[in-house]
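Encoded as structure tokens, the structure appears first; notes follow it.
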Amino acid sequence: MKKITLLLFILSNFLSNAQINISGSGFTSTGASFNLFYTDSEVTGTLTSIDIDATLAASTSDTYANDLMIYVTATSDINSAGILQAGGFSNFGAAEKITWTTGGSAVIGTQVMESQSLVTPLDFSANPTYNIWLGNGYADANPPTTSGTWDNINIVLNGISEAALSTNSEIENTFSIYPNPAKDFISISNTDTSLEINKVGIIDVNGRAIRTIILGKASNNSQINISDLSTGIYMLVINSNKGTGVKKFVKK
């Protein structure tokens with residue numbers, strides 16, 4: 001069988017402090033362009049608040065730091081009903097909109113950093129088709145000419161967790177990771193140059209999601225910082241445009 005289901009149930013699903021952590025640097029997005037981070041049935045729990053910390057590293061046509069936007073849609077169609085817009089200058093018609101009060105500048109080095117609660121919490125368990133996107137919420141023209149790049153991204157989605165994972169064994173075979181064991185960094189290499197890595201996740205041996213790392217459609221030789229992890233065995237979940245694969249690694 002090509003697809004197998006990992007018996008990795010995130011422990012935080014059952015705890016009040018469940019959360020998804022998204023981190024990364026060098027994330028670039030043009031205006032009104034969004035990367036899909038979580039699709040149907042990949043998230044459980046109820047989203048209650050969002051913490052964001054990111055620094056603007058590059059800007060074209062007045063993209064501000066607080067244009068970094070989290071978008072929740074009703075389905076995997078980006079044009080489906082908007083449920084939540086968090087960040088972004090332009091109005092995308094979501095039922096609820098959160099405006100970041102910090103980061104209102106296009107000056108390189110401007111930081112957006114705050115925590116905000118949702119007026120209406122979003123129940124992903126009851127609505128498994130909800131999808132989560134990340135991108136640039138400033139549409140200055142049609143088509144947009146604006147662009148932004150953000151470094152030191154740390155986003156926490158409180159109250160929700162990653163669900164059990166469905167993986168593709170053929171995708172797993174295209175990837176290799178090295179060194180393994182590793183102390184500070186691991187690199188991802190793949191034999192399919194048309195394969196784009198959207199994000200990677202780190203899961204510990206207890207099935208707890210440590211964090212999700214933004215790679216922004218990288219194709220090869222992506223490097224992941226693991227220096228802050230405790231010594232032990234982990235799973236690297238590699239999400240690509242052709243499916244998801246998992247590799248085990250040891251942190252020295």
Side-chain angles (χ1 to χ4, degrees), residues 9-25 27 29 32-56 63-76 78 80-105 110-139 148 150-163 199 201-202 208-214:
F9 293 95
I10 310 306
L11 296 182
S12 54
N13 288 352
F14 307 101
L15 301 175
S16 60
N17 63 343
Q19 60 184 215
I20 288 176
N21 297 276
I22 299 173
S23 64
S25 284
F27 175 72
S29 180
S33 177
F34 302 95
N35 286 27
L36 180 60
F37 268 75
Y38 291 97
T39 188
D40 299 2
S41 302
E42 289 187 346
V43 173
T44 62
T46 300
L47 179 63
T48 57
S49 64
I50 300 173
D51 304 334
I52 187 168
D53 186 355
T55 302
L56 187 67
T63 290
Y64 287 4
N66 60 8
D67 284 321
L68 184 61
M69 175 177 149
I70 297 137
Y71 195 40
V72 179
T73 55
T75 71
S76 58
I78 188 65
S80 64
I83 309 299
L84 171 69
Q85 174 182 342
F89 175 80
S90 303
N91 188 346
F92 291 85
E96 180 174 348
K97 182 179 180 182
I98 292 173
T99 300
W100 306 132
T101 60
T102 61
S105 172
T110 298
Q111 185 177 19
V112 52
M113 182 175 65
E114 60 191 270
S115 177
Q116 291 205 34
S117 297
L118 277 64
V119 173
T120 305
L122 300 184
D123 189 342
F124 280 77
S125 298
N127 299 277
T129 64
Y130 280 2
N131 280 234
I132 301 175
W133 309 73
L134 182 69
N136 184 341
Y138 178 35
W150 289 265
D151 283 342
N152 305 317
I153 298 171
N154 286 288
I155 296 171
V156 182
L157 306 176
N158 295 296
I160 56 176
S161 301
E162 297 179 14
K199 63 179 181 178
I202 297 177
R208 185 177 63 240
I210 305 301
R211 64 175 175 267
T212 298
I213 302 163
I214 301 166

_Within-4.5 Å side-chain heavy-atom neighbours: P128 and D40_ = no
*What's the shortest heavy-atom distance between S117 and I98, and which atoms?*
O-CD1, 4.2 Å
_I'd like to know if the side chain of T44 reaches the main chain of S125, judged simply by a donor and an acceptor atom lying under 3.5 Å from each other, with no hydrogens or angles considered._
no
*Can I132 and I160 be said to form a side-chain contact (heavy atoms from CB on, under 4.5 Å), step by step?*
CA-CA 12 Å; I132 301 175; I160 56 176; 4.0 Å; yes
*Quick one: pull up NZ in K97 and CE in M69 and give me the separation to the nearest 0.5 Å.*
8.0 Å
*Just jot down the side-chain contact (heavy atoms from CB on, under 4.5 Å) partners of T120, sequence neighbours excluded, or say none.*
E96
*Which pair of heavy atoms, one from A139 and one from A32, lies closest together, and at what distance?*
CB-CB, 3.8 Å
*Can you sort out the partners of T102 under side chain to side chain donor-acceptor pair (under 3.5 Å), two or more places apart, ordered by chain and number?*
E114
*Is it true that a side-chain atom of Q85 and a backbone atom of G87 form a donor plus acceptor pair closer than 3.5 Å?*
yes
_As a quick check of understanding, evaluate side-chain contact (heavy atoms from CB on, under 4.5 Å) for T129 and T39, giving each step before the final call._
CA-CA 7 Å; T129 64; T39 188; over 6 Å; no
_Side chain proximity check, Y130 to D123, heavy atoms < 4.5 angstrom_ = no
*Any donor and acceptor pair, going by atom type alone, linking the side chain of W100 with main-chain N or O of I52 inside 3.5 Å?*
no
*Please list, chain by chain and in numerical order, all residues satisfying side chain to side chain donor-acceptor pair (under 3.5 Å) with D51, sequence neighbours excluded.*
S115, N158
*Any side-chain heavy-atom pair of I22 and I20 under 4.5 Å*: yes
*asked:* Which residues pass the side-chain contact (heavy atoms from CB on, under 4.5 Å) test with N136, not counting sequence neighbours?
replied: S29, T63, D67, Y138, T146, W150
_For T110 versus A65, what's the shortest heavy-atom pair and its separation?_
O-CB, 3.6 Å
_Once side-chain contact (heavy atoms from CB on, under 4.5 Å) is applied, do any residues pair with N154, and if so which ones, sequence neighbours excluded?_
S23, D53
*L118 versus T48: any side-chain heavy-atom pair under 4.5 Å?*
no
*Heavy-atom distance under 4.5 Å between the side chains of N131 and V72, does that happen here?*
no
_Taking every non-hydrogen atom, the tightest pair across A54 and I153_ = CB-CG1, 3.9 Å
*Calculate, to the nearest 0.5 Å, the distance between atoms CG and CD belonging to N21 and E162 respectively.*
9.5 Å
*Going by the angle between their ring planes, with limits at 30° and 60°, are F34 and F92 parallel, tilted or perpendicular?*
perpendicular
*Say you draw a straight line from CD1 of I213 to CZ of F27; how long is it, rounded to the nearest 0.5 Å?*
14.5 Å
*asked:* Rounded to the nearest 0.5 Å, what separates atom NZ in K199 from atom OG1 in T212?
replied: 5.5 Å
*Of all the heavy-atom pairs spanning F124 and L47, show the shortest one and how long it is.*
CE1-CB, 3.9 Å
*Looking at residues at least two apart in the chain, or sitting in another chain, which of them share a side-chain contact (heavy atoms from CB on, under 4.5 Å) with A74?*
S80, A81, I83
*Could you check if a side-chain atom of I70 sits within less than 4.5 angstrom of a side-chain atom of F37, using non-hydrogen atoms only?*
no
*Might you point out which heavy atoms bring Y71 and A94 nearest each other, and give the distance in Å?*
CE1-CB, 4.1 Å
*Does a side-chain heavy-atom distance below 4.5 Å link I50 with Q116?*
no
_T101 vs T99 side-chain heavy atoms within contact, under 4.5 Å_ = no
*Worked check of side-chain contact (heavy atoms from CB on, under 4.5 Å) between L56 and D151*: CA-CA 6 Å; L56 187 67; D151 283 342; over 6 Å; no
